[in-house]
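The figures that follow rest on heavy atoms only: side chains count, while hydrogens, waters and symmetry mates do not.
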Amino acid sequence: NYETNKLIKNNKEIKKENTKLELINSLSNPFIYFIMQFAIIFMLLNLDVKKDIIALINYMNQILLSITVLINSLIVLIKSNVSYKRIKELLDEPLDNKKTHKIDSIDSIEFINVEAINLKLNKNQSLGIIGATGSGKSTFINYMNFKNNKKGKILINNIDINDIEYSHLIGNVFQKPQLFNDTLKYNITLNKKKDIKNILFDVNLDMPEDKVISELGNNLSGGEKQRISLARAIMKNPQMYILDDASSALDYKTEKQII
């Protein structure tokens with residue numbers, strides 16, 4: 001419900017702003033032509049010399065052209081303001097400088113009233129979440145990846161996650177793989193100097209290390225994208241994996257081999 005309401009709210013705001021822009025854009029040209037015709041009629045009624053009419057029409061055209069450019073700039077400015085607000089919202093986020101505990105291992109993780117769910121997992125335990133599409137599985141597990149969660153509390157080793165640094169101990173494989181326009185090796189190591197041959201074998205990925213991946217992996221199959229994401233998580237050698245539908249594009253044999 002939260003995600004649905006957020007989507008509806010954002011769509012209404014976008015619709016409102018786009019309606020304003022289209023209204024301004026649709027009225028600008030008729031308004032300009034009206035001024036032009038009015039000026040021509042005024043000149044014809046009040047001026048007798050043809051050369052004066054021609055000169056004034058040229059001047060009017062130059063002025064109206066400038067007005068058109070100004071109006072188009074205003075439209076671009078309004079659109080840019082939306083992007084500015086989004087960037088400002090990100091830049092205004094408080095710096096995460098309140099960490100007081102440095103942890104080297106994850107012995108337990110506890111969810112307290114997170115989306116009305118309470119559970120605790122100890123080391124070497126695993127949890128599988130099953131549900132229909134849109135039921136909130138991804139939303140729930142992603143609370144592990146964001147600070148300042150207002151939907152309950154999450155503890156690692158009985159310490160609030162807002163007070164510790166733990167990201168280096170977690171390997172994430174998201175539902176939609178995040179790939180970059182670079183080589184296969186870069187996408188797995190993220191520019192760290194590490195050997196990936198064994199990891200490529202582990203995830204059953206037969207691909208040269210210097211193969212160039214297009215943005216978002218558009219030149220790869222769904223299974224190849226997921227194998228690269230899994231390889232990236234394994235490369236990190238974490239103590240805990242968060243797998244969000246990480247093997248949906250893999251066949252059963254390959255999934256069993258990797259997972």
Q.
I need the minimum non-hydrogen distance between Leu205 and Glu224, along with the two atoms involved.
A. CD1-CG, 4.3 Å
**Q.** From CG (Asn187) to CZ (Arg232), nearest 0.5 Å
**A.** 5.5 Å
Q) Checking Asp245 side chain against Phe174 main chain: does a donor-acceptor pair fall under 3.5 Å? A) no
Q: Look up atom CD1 in Ile71 and atom CG in Leu74, then write down how far apart they are to the nearest 0.5 Å.
A: 8.0 Å
Q. Are Met240 and Leu127 co-members of a hydrophobic cluster defined by side-chain heavy atoms under 4.5 Å apart?
A. yes
Q: Verify side-chain contact (heavy atoms from CB on, under 4.5 Å) between Ile109 and Leu155, making sure each step is shown before the conclusion.
A: CA-CA 6 Å; Ile109 176 171; Leu155 307 179; over 6 Å; no
Q | Transitive ILVMFWY side-chain link Ile234 to Phe180, under 4.5 Å | A | no
(Q) When you measure from the side chain of Asn113 to the backbone of Gly152, do you find a donor-acceptor pair of N or O atoms at a distance under 3.5 Å? (A) no
Q. Can you list the steps and then say if Ile213 with Asp182 is a side-chain contact (heavy atoms from CB on, under 4.5 Å)?
A. CA-CA 5 Å; Ile213 309 300; Asp182 212 303; over 6 Å; no
Q.
If hydrophobic clusters are built by linking Ile, Leu, Val, Met, Phe, Trp and Tyr wherever their side-chain heavy atoms come under 4.5 Å apart, do Leu169 and Ile164 end up in the same one?
A. yes
Q: Spell out, yes or no, whether Leu23 and Leu70 are grouped together once hydrophobic residues are joined by side-chain heavy atoms under 4.5 Å, including indirect joins.
A: no
Q. For the atom pair CD (Gln178) and CG (Leu216), what is the distance rounded to the nearest 0.5 Å?
A. 7.0 Å
**Q.** Test item: Ile154 and Asp160 side chains (from C-beta on) under 4.5 Å apart, heavy atoms
**A.** no
Q: Spell out, as yes or no, whether a donor-acceptor pair under 3.5 Å connects the side chain of Glu209 to the backbone of Lys185.
A: no
Q) With a 3.5 Å cut-off and no angle check, do the side chains of Ser138 and Asp244 form a donor-acceptor pair? A) yes
Q: Take Asn81 and Lys85 through the test side-chain contact (heavy atoms from CB on, under 4.5 Å) and record every step on the way to the result.
A: CA-CA 6 Å; Asn81 187 50; Lys85 288 181 179 178; 3.4 Å; yes
Q) Within the side chain of Ser214, is there an N or O that forms a donor-acceptor pair under 3.5 Å with the backbone of Asn219? A) yes
Q | Cluster check Ile170, Ile159: I/L/V/M/F/W/Y, side chain < 4.5 angstrom | A | yes
Q) Are any of the side-chain heavy atoms of Leu243 and Leu230 separated by less than 4.5 Å? A) yes
Q) With a 4.5 Å limit on heavy-atom distance, are the side chains of Asn122 and Asp107 in contact? A) no
**Q.** Any Glu13 side-chain heavy atom under 4.5 Å of Glu17 side chain
**A.** no
Q) Would you say Phe140 and Val114 make side-chain contact, with heavy atoms under 4.5 Å? A) yes
(Q) Please tell me whether Ser167 and Glu165 have a donor and an acceptor in their side chains that are separated by less than 3.5 angstrom. (A) yes
Q) Which pair of heavy atoms, one from Ser229 and one from Pro177, lies closest together, and at what distance? A) OG-CB, 3.1 Å
Q) When rounded to the nearest 0.5 angstrom, what is the spacing between CD1 in Ile161 and NZ in Lys153? A) 11.0 Å
Q: Kindly check if the number of other-residue, nucleotide or ligand heavy atoms within 6.0 Å of CG (Asn118) is above 12?
A: yes
Q | Minimal non-hydrogen separation, Lys137 against Ala132, with atom names | A | NZ-O, 3.1 Å
Q. What distance separates Ile188 CD1 from Leu184 CG, expressed to the nearest 0.5 Å?
A. 4.0 Å
Q) Do you know which two heavy atoms are closest between Asp195 and Asn198, and how far apart they sit? A) OD2-N, 4.4 Å
(Q) If I take atom NZ from residue Lys15 and atom NZ from residue Lys20, how far apart are they, to the nearest 0.5 angstrom? (A) 14.0 Å
Q) Got a donor-acceptor contact below 3.5 angstrom from the Ser247 side chain to the Leu250 backbone? A) no
Q. So, do Lys120 and Ser108 sit near enough that their side-chain heavy atoms are less than 4.5 Å apart?
A. yes
**Q.** Closest non-hydrogen atom pair between Lys194 and Met235, with its separation
**A.** CD-SD, 3.3 Å
Q. Any side-chain heavy atom of Leu179 within less than 4.5 Å of one from Leu220?
A. yes
Q: Check whether any side-chain heavy atom of Leu77 sits under 4.5 Å from a side-chain heavy atom of Ser73, and report yes or no.
A: no
